[in-house]
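Okay, structure first, notes after.
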Amino acid sequence: MKTIAGLPTDGRRIARIRQALVGWIYPPLCAACEAPLTAARQIEVPFLCEPCEAALTPIGDHYCRVCGQGFDGTSALPSRCGNCGDRELAIDFAVSAFRGAGAGKGLVHRFKYAKERHLARLFGVLLDEVWRDERLREPGSWWVVPVPLHRKRQRERGFNQSLELARELVRRAPAGIDLTLRPLLRRTREKERQARLDRRERLANLGDVFAPARRHPEVPPGGARLLLVDDVITTGTTVSECAAVLREVMEIDQIAAVSVLRG
Ligand SMILES: [Zn+2]
Ligand SMILES: [Zn+2]
């Protein structure tokens, strides 16, 4: 299994070969500022230069223990925050890697709306940041569940960004953590793009949007440990809706959610 800190020698060679192939199709330029990247940089953090990486703001160690919202300052550490304190979320907890404002937002836009699928590799590296949460690192297995995209939207885009991220998460699993990709959900209804709505509308915009996949594998004794994956978590409503659907159809030990950005 690969580690975060460094790929084993074989993995490194494969990464180099893969890089040569991908670099042939997509010249290694920073996706934020288009600066050319060295081959070594491209292997470590694909499609992002060092200054642009420095412009991203990690959520860090101070965040809501339920919905993952970052806190400003470190003096007060409530267990729940203003975003989720008055709501029942069906997830146990969420962890995001970076704050959504600024450079990260532009990158996600290029990935999703400019359909730059190869940026999944960059987001996979950025997602490594979520493993700072000790609850995710508890030994054992997780089933990795991408938030599904409606068939129509997926046809337009050519891919589901959350599935691409889930694949990267599994591929880069830290040592000792067993991740298996399980697309357990489907999206049954097309909804307004969340990004166009304000918070109140967003909270009302979901409901009956997700359904369980028609079949799911046998759940291990004690229940499944599920890790939902999305590109951006904003209020946490989407991942909570996904979790609620899964709780209805299978025995659950734990459901967490991870995202690259916190909107
Ligand atoms: Zn750059
Ligand atoms: Zn919260």
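Here the structure is a predicted model, which means the values were calculated and not measured. Indexing begins at 1, ligand by ligand and atom by atom, following the structure's order.
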Is there a donor in the side chain of Ser240 and an acceptor in the side chain of Arg87, or the other way round, less than 3.5 Å apart?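 No, no side-chain donor-acceptor pair sits under 3.5 Å.
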Please determine, by modelled atom types, if Ser162 and Asp230 share a side-chain donor-acceptor pair under 3.5 angstrom.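 On atom types as modelled, these side chains qualify, holding a pair under 3.5 Å.
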How wide is the angle at the Zn ion (ligand 2) between SG of Cys67 and SG of Cys81, to the nearest 10°?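 Cys67 SG and Cys81 SG form an angle of 90° at the Zn ion (ligand 2).
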In total, how many protein N/O/S atoms does one find closer than 2.8 Å to the Zn ion (ligand 1)?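 If we list every protein N, O or S atom nearer than 2.8 Å to the Zn ion (ligand 1), we get 4.
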Considering only residues two or more places apart or on different chains, which pairs with a residue in residues 132-152 satisfy salt bridge (Lys or Arg N to Asp or Glu O under 4.0 Å)?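 Listed by first then second residue: Arg65-Asp133, Arg65-Glu134, Asp133-Arg135.
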For Arg110 and Glu34, run salt bridge (Lys or Arg N to Asp or Glu O under 4.0 Å): C-alpha distance rounded to whole Å, both residues' side-chain angles, the deciding distance at 0.1 Å, then the answer. CA-CA 12 Å; Arg110 282 188 79 147; Glu34 315 221 313; 3.6 Å; yes
ring-ring contact (aromatic ring centres under 6.0 Å, His included) pairs, two or more places apart, involving residues 153-190: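 Those involving residues 153-190 are Phe111-Phe159.
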Which donor-acceptor pairs under 3.5 Å do the side chains of residues 48-59 make with protein atoms, sequence neighbours left out?
from: Glu53; atom 1: OE1; to: Arg41; atom 2: NH1; distance (Å): 3.4
from: Glu53; atom 1: OE1; to: Arg41; atom 2: NH2; distance (Å): 2.9

